[in-house]
Amino acid sequence: MAQHQRKTNAEAISDIKDKVISKYLDSHRLGLINPNDIFLISAERQILKLKNNTFGVSDFISFYIAQAIVAAAKGQLEKSEKLFLKALDLNPNDLDTLSDYNNILVGNGRFDEAQKFIESHFSNRGTNHAFLFNLYICNLSRLDFSSFLKYYEAIRYKDVLSKDSKEELELLYGYANQMSSMADDLNNIGINIPTYSDFFELIYKFHRKILHDPFNISCTVENDEEKYVFVEIFADVTVEKSLFLTSKFENILVEHALKSGRNDILSKFLVYYKSLESLQEDNNELSNEDFLEIDEGQTL
């Protein structure tokens with residue numbers, strides 16, 4: 001009878017990484033991120049404990065990626081970015097690592113860097129079409145969807161996407177065309193693209209660091225005497241937690257305005273987090289076109 005071969009430390013680290021991905025990143029998990037989750041704390045400690053002085057280059061790559069995945073699951077995106085960079089220093093051309101790193105760049109609001117990499121990927125005949133989800137978010141941050149439309153239309157009628165990805169990208173394609181006039185609407189109430197982009201980066205980073213939920217956002221441009229954008233973000237949280245999120249983001253917005261000297265941003269965006277329960281209660285009044293769900297459809 002053959003003996004069961006004991007796993008190496010690097011293989012054990014890879015197993016921990018896969019469990020974290022399955023439990024937190026690929027499971028359509030919803031609600032608030034808990035950085036003090038016992039499973040995640042234990043996973044991080046085990047990964048560090050399994051590191052040893054016999055590690056080769058490939059072992060260190062797995063080690064850094066596993067730590068980066070745990071950090072991402074805990075909402076610690078800056079830490080995750082640094083760890084992915086360590087792995088990429090050892091293997092700069094690994095597409096899976098680059099894909100995860102790109103997700104982290106987007107989560108950190110580094111839209112220009114993320115978009116530049118994605119465009120380079122497609123321009124060089126790359127076929128990782130999951131990047132289109134991140135490209136859409138990058139374009140949304142500037143309200144310029146030309147890049148997303150260019151690369152999605154190139155494969156729109158080709159049999160290269162899964163059924164689910166095709167349906168999701170078709171929704172984003174429709175949203176991109178619908179929102180092409182939003183820049184003009186914002187300009188009519190005195191909001192230029194840099195101000196909008198500044199706000200979008202702030203709210204998107206906040207959302208990705210604190211919630212597992214997709215980015216469900218509804219924006220209404222109020223062109224009355226006050227002239228502002230009414231922003232609602234729907235999440236799978238209780239009404240009490242939605243009030244907490246609204247208050248927490250308001251504090252972040254005020255702090256950002258004071259540090260950057262962008263006091264205009266405070267009067268131009270009125271933001272409320274809403275429980276999905278409230279969305280369901282108003283279901284008779286809302287259609288699927290009344291809010292925009294952004295979910296990258298990728299691991300992170």
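What you are looking at is a predicted structure, and each value in this text was computed from that prediction instead of being measured.
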**OP:** Apply side chain to side chain contact (heavy atoms under 4.5 Å, CB included) to I191 and F199, showing your working.
**Re:** CA-CA 11 Å; I191 299 177; F199 167 78; over 6 Å; no

Original post:
After noting the C-alpha distance and the side-chain angles of R208 and E201, does the key distance pass the salt bridge (charged side-chain N to carboxylate O under 4.0 Å, His left out) rule?
Top reply: CA-CA 11 Å; R208 284 296 171 211; E201 177 183 330; over 6 Å; no

**OP:** Run the numbers on N134 and N103 for side chain to side chain donor-acceptor pair (under 3.5 Å), then give the verdict.
**Re:** CA-CA 7 Å; N134 279 354; N103 292 335; 2.6 Å; yes

**OP:** Check step by step if side chain to side chain contact (heavy atoms under 4.5 Å, CB included) holds for T195 and N192.
**Re:** CA-CA 5 Å; T195 300; N192 57 27; 2.7 Å; yes

**OP:** Go through K150 and F122 one step at a time and tell me if the side chain to side chain contact (heavy atoms under 4.5 Å, CB included) criterion holds.
**Re:** CA-CA 10 Å; K150 172 185 176 181; F122 287 131; over 6 Å; no

**OP:** Applying side chain to side chain contact (heavy atoms under 4.5 Å, CB included), run through F39 and V20 and close with a yes or a no.
**Re:** CA-CA 9 Å; F39 182 92; V20 171; 3.9 Å; yes

Original post:
Yes or no on salt bridge (charged side-chain N to carboxylate O under 4.0 Å, His left out) for R262 and D264, after CA distance, side-chain angles and deciding distance?
Top reply: CA-CA 5 Å; R262 299 293 302 271; D264 59 323; 3.5 Å; yes

Original post:
Checking side chain to side chain donor-acceptor pair (under 3.5 Å) for the pair S123/S120: CA distance, chi angles, key distance, verdict?
Top reply: CA-CA 5 Å; S123 296; S120 175; over 6 Å; no

**OP:** Please step through side chain to side chain donor-acceptor pair (under 3.5 Å) for the pair D198 and H256, ending with a clear verdict.
**Re:** CA-CA 10 Å; D198 192 28; H256 174 74; 2.9 Å; yes

**OP:** Determine, step by step, whether D164 and S162 satisfy the side chain to side chain donor-acceptor pair (under 3.5 Å) criterion, reporting the C-alpha distance in whole Å, the side-chain angles of both residues, the deciding distance to 0.1 Å, and the verdict.
**Re:** CA-CA 6 Å; D164 288 344; S162 69; 5.7 Å; no

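With hydrogens and angles disregarded, a donor-acceptor distance shorter than 3.5 Å links the side chain of D144 to the backbone of S146. A donor-acceptor contact shorter than 3.5 Å links the side chain of N108 to the backbone of L77. Here the side chain of E44 pairs no donor or acceptor atom with the backbone of I41 at under 3.5 angstrom. Side-chain N or O atoms of N9 include none that pairs as donor or acceptor with a backbone N or O of K51 at under 3.5 Å. In this structure, D59 contributes its side chain and G56 its backbone to a donor-acceptor pair below 3.5 Å. In terms of modelled atom types and a separation under 3.5 Å, the side chain of H121 and the main chain of N128 share a donor-acceptor contact. Within the 3.5 Å criterion, the main-chain N or O of S141 finds a donor-acceptor partner in the side chain of S197.
Using a 4.0 Å cut-off between a side-chain N of Lys or Arg and a carboxylate O of Asp or Glu, K74 and D37 do not qualify as a salt bridge. Under 4.0 Å is where a charged nitrogen must lie from a carboxylate oxygen, and between K209 and E81 no such pair does. We find that K116 and E113 are not joined by a salt bridge, their nearest charged nitrogen and carboxylate oxygen being 4.0 Å or further apart. Between E78 and K82, none of the side-chain N atoms (NZ, or NE/NH1/NH2) sits under 4.0 Å from a carboxylate O, so this pair counts as no salt bridge. Under the 4.0 Å criterion applied to side-chain N and carboxylate O atoms, R142 and D112 are assigned as salt-bridge partners. A salt bridge links R156 with E170: the distance from a Lys NZ or Arg NE/NH1/NH2 to an Asp or Glu carboxylate oxygen falls below 4.0 Å.
Within a 6.0 Å radius of NZ in K166, more than 12 heavy atoms belonging to other residues, nucleotides or ligands are found.
Heavy-atom minimum distance, A43 versus V70: CB-CG2, 4.3 Å. Between D185 and V221, the shortest heavy-atom contact is O-CG1, 3.8 Å. Residues I118 and L135 approach most closely at CD1-N, 3.7 Å, considering heavy atoms. Scanning both residues, L140 and Y196, for their nearest heavy atoms gives O-OH, 2.7 Å. Between F148 and L169 the shortest heavy-atom distance is CE1-CD2, 4.0 Å. Of all heavy-atom pairs between I65 and T97, the closest is CD1-OG1, 3.3 Å.
Residues Y272 and L32 are members of separate hydrophobic clusters, defined by side-chain heavy-atom contacts under 4.5 angstrom among Ile, Leu, Val, Met, Phe, Trp and Tyr. A continuous path of ILVMFWY side-chain contacts below 4.5 Å connects I252 to F269, so both sit in one hydrophobic cluster. Note: the hydrophobic cluster containing I47 also contains F60 (ILVMFWY, side chain heavy atoms under 4.5 Å, direct or indirect links). Residues V57 and L98 fall within the same hydrophobic cluster, defined by Ile, Leu, Val, Met, Phe, Trp and Tyr side chains chained together at heavy-atom separations under 4.5 Å. By the rule that hydrophobic residues join a cluster once side-chain heavy atoms approach within less than 4.5 Å of another member, M182 and Y228 end up as members of separate clusters.
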Anything under 3.5 Å between a donor and an acceptor, one on a side chain of residues 229-244, the other on a protein residue two or more places apart or in another chain? List them.
| residue | atom | partner | partner atom | Å |
| --- | --- | --- | --- | --- |
| E232 | OE2 | K274 | NZ | 2.7 |
| T238 | OG1 | K241 | N | 3.1 |
| S242 | OG | V239 | O | 2.6 |

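Checking F206, Y273, Y204 one by one against F215, the ring pair (Phe, Tyr, Trp, His ring centres under 6.0 Å) holds for a single residue, Y204. With Y24 as the fixed residue, the side chain to side chain contact (heavy atoms under 4.5 Å, CB included) test singles out one of L40, I33, I69, N34: L40.
Taking the six-membered ring where tryptophan is involved, the planes of F63 and F55 are perpendicular, since the angle between them exceeds 60° and thus also 30°.
Aromatic rings of Y173 and Y152 (six-membered ring for Trp) have centroids within the 6.0 Å cut-off, being under it.
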